Novice: 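Would you mind keeping the following structure in view while I ask a few things?
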Amino acid sequence: MIIDTALWSSLPAPALLLDGDDTIIATNPAAETFLNLSAKALLGQKIWEKVMIDAPLEAPFARARTNKTSLFVNDVDVGSGERAPMLCNLQFAPLQGTDDTMIVMISPREIASRINQHHSSEKAAKSAIGMAEMLAHEIKNPLAGITGAAQLLSMGLKPDDQEMTDLIVEESRRIVKLLEQVEQFGNLRPPVAKPLNIHDVLDRARQSAAVGFGAHMLFIEDYDPSLPQTMADADQLLQVFQNLLKNASEASKEGGSIRLRTFYDASLRVHRSDGTQARLPLQIEIIDDGPGLPRDIADDVFEPFVSGRENGTGLGLALVSKLIGDVGGWITVDSVPGRTVFRISLPLAPKEVDTGES
C-alpha cells in the first residue's frame with residue numbers, strides 16, 4: 001500500500017486507515033489533534049476502542065466493507081477518552097488499490113454550526129441588551145426614591161418593626177446591583193489589544209481563584225510552554241478566565257479538579273460574516289469534572305440572560321463570548337456529566353504571523 005505522505009499529512013480533516021480487522025494502521029495529524037491522542041496511542045488499536053461514536057456502526061460498517069461500498073453517517077457525536085464528544089459527519093470508504101483497507105474521514109460540524117448560531121443570536125443579543133440598558137436607566141431612578149422613602153419610614157419605627165423596611169432597602173439595592181451589571185455589559189470599553197503570553201494571564205486567574213472562590217478545587221496545569229503570543233486585552237482576558245474558573249468552581253461545590261490546558265492547532269480556521277478567513281491556532285481549554293451544563297440551556301449558554309444557576313443573571317458567559325469575539329477569537333463548550341470543556345481559540349500576535357510561525 002502506497003500513501004502520498006505529504007498529501008496525507010496535509011489533509012485538513014481527521015482521517016484514519018483501517019486494515020481488515022478494523023485496526024488503525026495510519027492516522028494523519030488532524031486526527032491526532034481532533035482525538036487528542038498521539039499516533040503511537042492510536043496505531044495498532046481497534047477503531048471502536050479508541051474512537052467513541054454515539055451510534056451502532058459496527059454492523060453497517062462490516063456490510064460496507066464486505067460489499068466494498070461507502071458508508072455515510074451524519075450528525076453523530078464523535079470523541080475519545082481524551083476529549084469530549086463533538087457533532088460530526090463520518091465517511092467510510094474502501095481505499096482504492098487495496099484488498100480490505102478502509103479510510104475513515106471525520107468532519108466536525110461544530111465550528112460551522114456554531115458560527116451560524118452565533119451570527120443569528122448576535123443581532124437578538126444586541127437588541128436585548130439595548131432594551132435592557134434603557135430599562136435599567138429608567139428603573140434605577142424610582143428605585144432610589146423607594147429606598148430613600150423606606151429609610152425615612154424606618155426612622156420613625158421601633159427596632160422590632162423595621163424588618164419590612166429593611167427588606168425593602170435590601171431588595172432595592174439588590175435590583176440596582178443587577179441593573180448595574182446590565183449597564184456594564186452594554187458599556188464595555190473597546191479592547192486594548194497587545195501581544196501577550198497566555199500563560200501569564202492564566203496563572204494570574206488561577207492564583208486568584210485558588211485563594212478565593214476556587215479554594216476547594218484542585219487546579220492542574222497542562223501547558224504547552226512553546227505557545228506563541230496572542231493579541232488580546234490582558235485585563236479583559238483575565239476577566240474571561242476568572243469568569244470561567246468561577247463557574248467551574250461553583251458547579252463543583254463539594255470539590256473537584258479544573259484542568260488548564262493550552263496547545264497549538266494550526267488547522268483551525270473560521271470564516272467570518274464579512275467573508276474573510278481567520279486563523280485561530282492558539283487553544284486554551286478549561287476542563288472541569290463537575291455535573292455538566294443543564295441539557296435545556298447547553299446550546300444557548302453564550303446568549304444574554306441564559307443561566308443554569310439559581311439567581312444567576314445570565315450575563316457572565318454572554319460577557320465572556322463578547323470579550324473573546326472583540327479580539328477576533330472564538331469560544332465553544334462541550335459538556336457531558338463529569339466533563340465540561342470551555343475552549344477558547346485565539347489568533348497569533350501580528351509579529352508571530354509575520355515571522356511565519358506555525
Side-chain angles (χ1 to χ4, degrees), residues 12 29-30 33 108 110-112 114-119 121-122 125-126 129 184-209 221-247 259-287 302 315-334 341-358:
T33 300
E110 176 193 45
I111 295 298
R114 291 191 182 179
I115 284 178
N116 291 336
Q117 180 186 6
H118 174 76
H119 290 329
S121 65
E122 188 174 27
K126 287 181 178 179
I129 290 300
Q184 178 195 22
F185 186 92
N187 294 321
L188 286 171
R189 63 171 174 80
V192 181
K194 297 179 181 179
L196 59 85
N197 186 315
I198 290 171
H199 300 130
D200 291 343
V201 185
L202 266 177
D203 280 338
R204 287 174 58 193
R206 176 188 56 77
Q207 291 168 5
S208 175
E221 298 173 25
D222 184 8
Y223 294 164
D224 176 358
S226 67
L227 216 58
Q229 290 186 320
T230 189
M231 196 73 174
D233 184 307
D235 290 338
Q236 292 186 358
L237 192 59
L238 177 64
Q239 187 176 0
V240 166
F241 292 153
Q242 287 179 328
N243 192 302
L244 295 177
L245 292 177
K246 184 175 182 182
N247 283 352
R259 179 180 296 273
L260 307 176
R261 178 172 178 253
T262 64
F263 60 99
Y264 195 96
D265 182 359
S267 67
L268 184 56
R269 291 173 170 81
V270 296
H271 289 277
R272 302 199 183 283
S273 56
D274 60 3
T276 60
Q277 188 180 75
R279 184 169 176 243
L280 305 175
L282 307 182
Q283 312 301 318
I284 307 102
E285 289 185 341
I286 295 179
I287 308 166
F302 296 115
L315 291 176
L317 290 177
L319 178 60
V320 164
S321 180
K322 183 180 188 303
L323 293 176
I324 292 299
D326 285 349
V327 294
W330 186 252
I331 182 168
T332 60
V333 60
D334 286 297
V341 182
F342 280 91
R343 179 170 174 176
I344 297 170
S345 304
L346 294 174
L348 290 168
K351 185 175 70 171
E352 303 289 348
V353 174
D354 293 342
T355 61
E357 273 196 52
S358 59

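These figures come from a predicted structure and were not determined experimentally.
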Novice: When rounded to the nearest 0.5 angstrom, what distance separates CG in L238 from OG in S208?
Specialist: 7.0 Å
Novice: Can you tell me how far CG of L317 sits from NZ of K322, rounded to the nearest 0.5 angstrom?
Specialist: 15.0 Å
Novice: Are any side-chain N or O atoms of S345 and backbone N or O atoms of L280, one a donor and one an acceptor, separated by less than 3.5 Å?
Specialist: no
Novice: Checking the side chain of T230 only, and the main-chain atoms of L348 only, is there a donor and an acceptor separated by less than 3.5 Å?
Specialist: no
Novice: Between atom OG1 of T262 and atom CG of L202, what is the distance when rounded to the nearest 0.5 Å?
Specialist: 7.0 Å
Novice: Would you say E221 and D203 make side-chain contact, with heavy atoms under 4.5 Å?
Specialist: yes
Novice: Within a strict 4.5 Å, meaning less than it, do heavy atoms of the I344 and L244 side chains meet?
Specialist: yes
Novice: Do R206 and L260 make a side-chain contact, defined as non-hydrogen atoms from C-beta onward lying under 4.5 Å apart?
Specialist: yes
Novice: Write down the atom of R204, the atom of D235, and the distance for their closest heavy-atom approach.
Specialist: NH2-OD1, 4.4 Å
Novice: State, to 0.1 Å, how close Q236 and P191 come at their nearest heavy-atom pair, and which atoms those are.
Specialist: OE1-CB, 3.6 Å
Novice: Taking all non-hydrogen atoms of both residues, which atom of P350 and which atom of M231 are closest, and how far apart?
Specialist: CD-SD, 3.4 Å
Novice: For a quick test of reading the model, state the closest non-hydrogen atom pair linking A205 to Q242 and the distance between them.
Specialist: CB-CG, 4.0 Å
Novice: Going by ring pair (Phe, Tyr, Trp, His ring centres under 6.0 Å), name the residues that satisfy it together with F263, two or more places apart in sequence or in a different chain.
Specialist: none
Novice: Do P347 and R279 have side-chain heavy atoms sitting under 4.5 Å apart?
Specialist: no
Novice: For side-chain contact (heavy atoms from CB on, under 4.5 Å), just list the numbers for R343 and D265, CA-CA rounded to whole Å, side-chain angles, deciding distance to a tenth of an Å, and then say yes or no.
Specialist: CA-CA 12 Å; R343 179 170 174 176; D265 182 359; 3.3 Å; yes
Novice: A side-chain contact here means heavy atoms from C-beta on lying under 4.5 Å apart; do L227 and Y264 qualify?
Specialist: yes
Novice: Does the side chain of L237 come within less than 4.5 Å of L323's, by heavy atoms?
Specialist: no
Novice: Would you mind reporting whether V341 and V333 have side-chain heavy atoms less than 4.5 Å apart?
Specialist: no
Novice: Less than 4.5 Å apart, any side-chain heavy atom of F342 and any of T332?
Specialist: no
Novice: If you compare all heavy atoms of P12 against all heavy atoms of A30, which two are closest, and at what distance to 0.1 Å?
Specialist: O-CB, 3.6 Å
